[in-house]
**Q** 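Before I ask anything, let me first share the structure, which is written out below as structure tokens.
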Amino acid sequence: MPGELTHSLWVVTLETLYMTSVATVLVVLAGLPLGVLLVLTDRGGLWERPGLHRVLGTFVNVGRSVPFIILMVAIVPLTRLLVGTTIGTTAAIVPLVVAAIPFMGRVVEQGLREVDSGLVEAAIAMGSTHRRVIVRVLLPEALPSLVRGTALVVISLLGYSAMAGAVGGGGLGDLAVKYGYMRFRTDVMLGCLAVLLALVQLVQWLGDGVASRFDHTSPHSRRAHD
Amino acid sequence: MIELRGISKVYRQGGREVSALQDVSLRVDPGEVFGVLGQSGAGKSTLIRCVNLLERPTQGRVRVNGKELLSLSPEELRLARQGIGMIFQHFNLFSSQTVAANVAYPLEVAGLPREQIRARVAELLALVGLSDKADTYPARLSGGQKQRVGIARALAPRPRILLSDEATSSLDPETTRSVLALLRDLNRQLGLTILLITHQMEVVKAICDTVAVLEQGRLVEQGKVVELLSRPGSHLHGLCYPPFTTGESAVLRGGQRVELSLSGEHSTRPILSTLARRFDVDAHLLEGSLERVGEARVGRLLFELTGAPDAVSQALAFLREQGLTSEEAAHAW
């Protein structure tokens with residue numbers, strides 16, 4: 001039995017990793033431009049478009065306020081259209097991505113807003129194109145907080161994926177509900193929890209590590225004199 | 001080189017209109033260091049940002065390097081900006097990039113080949129004395145070093161104009177002096193035209209040839225620093241020399257209180273000993289200062305003149321004749 005349990009845990013962990021990592025890639029690809037657009041189109045932004053900004057903002061707010069479990073059911077037709085089925089790990093990726101894009105958009109927006117507006121001003125004064133301001137100034141300056149924010153998004157994707165698993169998506173959530181809960185297998189439940197905990201810790205640790213690697217804002221050896 | 005004509009700027013703030021600049025006109029000649037002096041909130045920042053159109057004036061004309069900036073297309077404006085360097089109070093260096101990459105940035109914007117960029121960056125870092133900091137990140141530098149990087153970055157594409165937005169305001173006095181000396185050298189060696197804004201009289205006295213005084217969005221005065229400082233009654237004189245703190249009670253000997261304004265040739269003549277020899281009077285110094293401003297010396301002196309009443313009034317007449325005292329200042333107290 002312990003051998004079998006370990007095997008099942010291994011399989012569902014791989015399923016969870018699959019769902020989360022594919023979803024993360026798609027979420028970053030979509031959330032990054034969304035966040036950039038949110039900042040650019042805002043009042044006082046480089047590409048002020050109040051109408052578009054309001055539309056994007058509303059989309060993000062609506063997306064973020066729908067509970068995941070409801071969103072998952074609500075977009076079933078979309079999932080079927082894209083994947084051909086609504087059951088299984090691949091099908092679970094669709095609601096994961098849809099749920100996390102608005103979150104990622106806000107994370108990116110937040111990170112970009114933290115960049116000192118003086119740096120943008122300096123870049124403009126040097127004759128930069130808007131494109132260069134975004135690619136060479138805004139994104140690199142925001143990189144540490146973008147990495148930290150992405151870790152946050154990945155952690156909530158892990159949580160969402162467990163929820164998706166509970167309704168037929170596979171993964172750790174599936175195992176925990178079917179065996180740990182319904183068949184009173186406390187050992188399975190604890191195993192699933194331990195793996196989830198470890199994954200969250202790992203993502204957090206990786207995020208912090210990579211972020212501080214890119215963070216050059218603190219003086220490590222301050223010099224007193226000119 | 002820079003010509004602002006009839007510049008006004010109105011901001012809309014929560015439905016209300018706030019006027020930051022009203023009908024400001026000024027002209028900066030090639031090779032000149034031009035200072036705009038004003039308190040915070042006077043509109044200095046807005047004014048300097050109108051020169052490279054970081055702010056677009058509501059009204060007026062902006063002519064820089066022979067181009068009407070307001071009539072340029074966005075692309076032309078971008079190119080024009082490459083010919084106008086700018087440095088900032090908070091340096092505005094890119095924290096995610098090394099010193100060398102910061103200095104290289106405007107050269108990339110200008111589309112220079114990699115090899116030329118590398119050579120030019122090395123040259124600039126040597127110019128500002130930071131060759132050993134090329135691979136350091138800005139956070140590790142002192143304020144003065146950061147501003148030197150800012151200067152190197154601004155000068156990288158060889159602009160003929162440098163705009164300085166309170167560049168020394170967050171530096172300590174000693175560092176301020178060294179950064180000002182660097183700007184003065186660059187002005188002389190490269191013929192760089194500098195337009196700076198500041199709230200520090202020291203900056204104006206240290207490096208400006210010409211000054212404009214800005215108060216509540218209006219220019220109240222404009223002229224050569226030395227001339228304005230040697231003219232009691234000018235705004236600049238008033239700002240630089242607040243009333244003497246030595247009051248009437250300090251005139252203890254029953255003599256005549258005299259205020260002298262010293263500038264130009266007067267500042268080098270032996271006035272007090274001349275008075276003593278010719279009129280048999282004594283001068284008791286109470287307060288005063290004399291300092292170099294550019295190539296000239298300006299200052300003022302408060303003293304008490306004692307002696308026979310006739311002698312004292314003759315001495316006063318002499319000072320007046322020489323144009324050293326204003327009538328007002330020579331009144332008997």
**Q** For B/Leu54, which atoms come within 4.5 Å of any heavy atom of chain A: side chain, backbone, both, or neither?
**A**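 Just its side chain gets close to chain A.
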**Q** Looking only at atom types and distance, does a side-chain atom of B/Asn92 sit under 3.5 Å from a main-chain N or O of A/Gly118, one as donor and one as acceptor?
**A**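 Here the side-chain-to-backbone pair exists.
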**Q** Can you tell me if B/Gln59 has over 12 outside heavy atoms packed within less than 6.0 Å of its CD?
**A**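 Incorrect, the count does not exceed 12.
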**Q** Heavy-atom distance under 4.5 Å to chain B: side chain of A/Thr129, backbone, both or neither?
**A**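 Answer is both: backbone and side chain atoms of A/Thr129 are under 4.5 Å from chain B.
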**Q** Between B/Arg49 and A/Glu121, does a side chain to side chain contact (heavy atoms under 4.5 Å, CB included) hold up when you go through it step by step?
**A** CA-CA 10 Å; B/Arg49 277 166 177 69; A/Glu121 192 175 50; 2.6 Å; yes
**Q** Tell me, out of A/Val137, A/Val115, A/Leu143, who's got the most heavy-atom pairs with chain B below 4.5 Å.
**A**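 The answer is A/Val137.
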**Q** Does atom CZ (A/Arg113) have a neighbourhood of more than 12 heavy atoms from anything else shown, all under 6.0 Å?
**A**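 Yes, CZ of A/Arg113 has more than 12 neighbouring heavy atoms, counting only those of other groups under 6.0 Å.
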**Q** Could you measure the distance from the OG atom of A/Ser128 to the CZ atom of B/Arg78? Nearest 0.5 Å is fine.
**A**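 Between A/Ser128 OG and B/Arg78 CZ, I get 7.5 Å after rounding to 0.5 Å.
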**Q** Is the closest side-chain heavy-atom distance between A/Arg136 and B/Glu108 below 4.5 Å?
**A**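 Yes, at least one pair of side-chain atoms sits under 4.5 Å.
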**Q** Do you know which two heavy atoms are closest between B/Asn52 and A/Ala125, and how far apart they sit?
**A**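 That would be ND2-CB, 3.7 Å.
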**Q** For B/Gln39, does the CD atom sit with more than 12 other heavy atoms under 6.0 Å from it, leaving out its own atoms?
**A**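 12 or below, so no.
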**Q** Using a 4.5 Å cut-off on heavy atoms from C-beta on, say whether the side chain of A/Arg132 contacts that of B/Tyr105.
**A**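 B/Tyr105 vs A/Arg132: side chains touch.
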**Q** Between A/Met126 and B/Met86, is there a side-chain heavy-atom distance shorter than 4.5 Å?
**A**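 The answer is no, as the side chains (C-beta and beyond) never meet within the 4.5 Å cut-off.
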**Q** Do A/Glu141 and B/Ser96 have side chains that get closer than 4.5 Å, going by heavy atoms?
**A**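 A side-chain contact under 4.5 Å exists here.
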**Q** Give a yes or no on whether B/Glu76 atom CD has more than 12 heavy-atom contacts from other residues, nucleotides or ligands under 6.0 Å away.
**A**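 Result for CD/B/Glu76: enclosed.
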**Q** So what's closer than 4.5 Å to chain A heavy atoms on B/Leu93: side chain, backbone, both or neither?
**A**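 For B/Leu93, backbone heavy atoms alone lie under 4.5 Å from chain A.
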**Q** Once you round to the nearest 0.5 Å, how far does CG of A/Leu119 lie from CZ of B/Phe91?
**A**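 Taking CG in A/Leu119 and CZ in B/Phe91, the distance rounds to 12.5 Å.
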**Q** Report which part of B/Phe88 has an atom under 4.5 Å of a heavy atom belonging to chain A: side chain, backbone, both, or neither.
**A**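 The answer is the side chain of B/Phe88.
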**Q** Heavy-atom count check: over 12 atoms from other residues, nucleotides or ligands less than 6.0 Å from B/Arg160 CZ?
**A**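 Counting other residues, nucleotides and ligands, CZ of B/Arg160 stays at 12 neighbours or fewer.
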